[in-house]
Amino acid sequence: MDAELLFVADGHAGLGKPLSERCLAGELVRLRRGVYVDAVAWGRLPPWERERLRILAAVESAVGTRVLVQETAAVIWGIPVVGALPEILLLASTRSHGRRRGDLRWTRRKLLDPLVVYAGVELTSRAQTVIDMAAYLPFERALPAMDHALRPDMLKGFSPLSKDDLRLVAGRLPDSAKRSRALRVLEFADARSESPGESFSRAILRRHGFPAPELQQEFRSPGGKLLGRTDFFWREHRLVGEFDGAVKYGRNVGDPRTQTMQPSWETLVREKRREDAIRATGVGFVRWSWTDLQGSPQNPDGLVQRLVRAGLPRKRRR
């Protein structure tokens, strides 16, 4: 069953009870005033699809045009957003700048690229979206979006954006501080980071002064058989780092921050054999998940202390 938006304004003749009554009966879920969705279809949606529908409900129920910017535009483009999205960000005119209404917030953004219509809504271009995120968000939250934009998006059918083109867009930002922030994210970005979790991990490693790892390192047996690729490898220290996310196991498509499905037993056995084969080449292994990236760097169970115990040195960042 498709999760189709149902609008009170459309009348829905022939559907029987009013939408509000069907909502009270548990048949529908109310997304916002006058907009509903089938409860069964809603329950089957992954969280990122629910977020997309929440945004579309806000746009399609409006009188006049609402233009999406920054993280809100990223959701529609399929660009990963790390962290909660409590507000729907809309492009503000001079009169509406700073205005809030419920979960809607109008914010000023200089147009660095022409606006685009995609999925039936008007929003900033993919290039402007990731550059705005780099200019206005913390480094760790911006990097997954930038890494994603440098890769082909097979799910959406988008070609990768080039760093040269993104530099041109960043050069149109309204002040030098924002240009510097955006370019710092862009120069650190790497298309070889294959998931938001890997990108976020790289940003955490950078923040805490760990040496830069090699990405997607291949390991082979003495006979030349491919044993696997690792997310991170510190060659000098003979240490492998692996981010454990649901997408790694090929079980789901979407934003791995929101995954709750556990990998199958067969997948876990296969992964254990892969890890054992790579360990046999003489390297150490450190694994972590989203939970291990949060909290204090002094947490003995967190990523920082795990890497310190594994012998990875740190440099104090200036």
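Under the 4.5 Å side-chain heavy-atom criterion for Ile, Leu, Val, Met, Phe, Trp and Tyr, V81 and L143 are members of the same hydrophobic cluster. Under a hydrophobic-cluster definition in which Ile, Leu, Val, Met, Phe, Trp and Tyr are linked whenever side-chain heavy atoms come within less than 4.5 Å, directly or via other members, V59 and V37 are assigned to the same cluster. At a threshold of 4.5 Å between side-chain heavy atoms, the hydrophobic network of Ile, Leu, Val, Met, Phe, Trp and Tyr places L90 and I79 in one connected group. A chain of hydrophobic side-chain contacts below 4.5 Å, direct or via other Ile, Leu, Val, Met, Phe, Trp or Tyr residues, connects V116 to L161.
Inspection of the N299 and S296 side chains reveals no N or O donor paired with an N or O acceptor under 3.5 Å. Side-chain atoms of S193 and R202 include a donor-acceptor pair closer than 3.5 Å. A donor and an acceptor atom, one from each side chain of Q128 and R109, are nowhere located under 3.5 Å apart. Using a 3.5 Å distance cut-off with no hydrogens or angles, the side chains of Q216 and R192 do not pair a donor with an acceptor.
A distance-only check finds a donor-acceptor pair linking the side chain of W234 to the backbone of P211 [under 3.5 Å]. No donor-acceptor distance shorter than 3.5 angstrom exists from the side chain of R314 to the backbone of G209, with no hydrogens or angles considered. Using a distance-only test at 3.5 Å, with no hydrogens or angles considered, a donor-acceptor pair links the side chain of T72 to the main chain of L89. Side-chain atoms of R50 come within 3.5 Å of backbone N or O of W42 as a donor-acceptor pair.
Residues E71 and R141 are paired through a salt bridge, judged by an N-O separation under 4.0 Å between the basic side chain and the carboxylate. Using a cutoff of 4.0 Å between basic side-chain nitrogens and carboxylate oxygens, R167 and E187 are scored as salt-bridged. Note on E60 versus R32: no salt bridge recorded, every NZ/NE/NH1/NH2 to OD/OE distance being 4.0 Å or above. With salt bridges taken as basic N to acidic carboxylate O contacts below 4.0 Å, none links D147 and R151. Electrostatic pairing of D175 and K178 counts as a salt bridge here, judged by a charged N lying under 4.0 Å from a carboxylate O. In this structure, R44 does not pair ionically with E49, as no charged nitrogen and carboxylate oxygen lie closer than 4.0 Å. Using a 4.0 Å cut-off between a side-chain N of Lys or Arg and a carboxylate O of Asp or Glu, E271 and R273 do not qualify as a salt bridge. Between D103 and R54, at least one side-chain N (NZ, or NE/NH1/NH2) sits under 4.0 Å from a carboxylate O, which counts as a salt bridge. Between E87 and R100, at least one side-chain N (NZ, or NE/NH1/NH2) sits under 4.0 Å from a carboxylate O, which counts as a salt bridge. Salt-bridge formation is not detected for the pair R66/E122: no Lys NZ or Arg NE/NH1/NH2 atom is positioned less than 4.0 Å from an Asp or Glu carboxylate oxygen.
Taken from NE2 in H148 to OG in S195, the straight-line distance is 11.5 Å, to the nearest 0.5 Å. From L24, atom CG reaches atom CZ of R30 across 10.5 Å, with rounding to the nearest 0.5 Å. The distance from the CG atom of L293 to the OG atom of S201 is 4.5 Å, given to the nearest 0.5 Å. Note that CG of L168 and CD1 of I131 are 10.0 Å apart. Values are rounded to the nearest 0.5 Å. Note that CG of D190 is 5.0 Å distant from CG of L215, once rounded to the nearest 0.5 Å. Note that the OG1 atom of T124 and the CG atom of L111 stand 8.5 Å from one another [nearest 0.5 Å].
At most 12 heavy atoms of other shown residues, nucleotides or ligands fall within 6.0 angstrom of atom CZ in R33.
Nearest approach of A149 to V130, heavy atoms of both residues: CB-CG1, 4.0 Å. Summarising the geometry of L150 relative to K163, their closest heavy-atom pair is CD1-CE, 3.8 Å, with the distance given to 0.1 Å. Closest heavy-atom contact between D292 and R306: OD1-NH2, 3.1 Å. Heavy atoms only, all atoms of each residue included: S61 and V35 are closest at CB-CG2, 3.7 Å. Taking all atoms of both residues into account, the shortest heavy-atom contact from A3 to L53 is CB-CD1, 3.6 Å. Nearest heavy-atom pair, P313 versus F210, reported as atom, atom and distance to 0.1 Å: O-CD2, 3.4 Å.
Separation of the W288 and F232 ring centroids falls under the 6.0 Å cut-off. Proximity of the aromatic rings of F158 and Y118 is defined here by a centroid distance below 6.0 angstrom, and this criterion is met. Ring-centre distance between F200 and F243: not below the 6.0 Å cut-off. Aromatic rings of F188 and F139 (six-membered ring for Trp) have centroids within the 6.0 Å cut-off, being under it.
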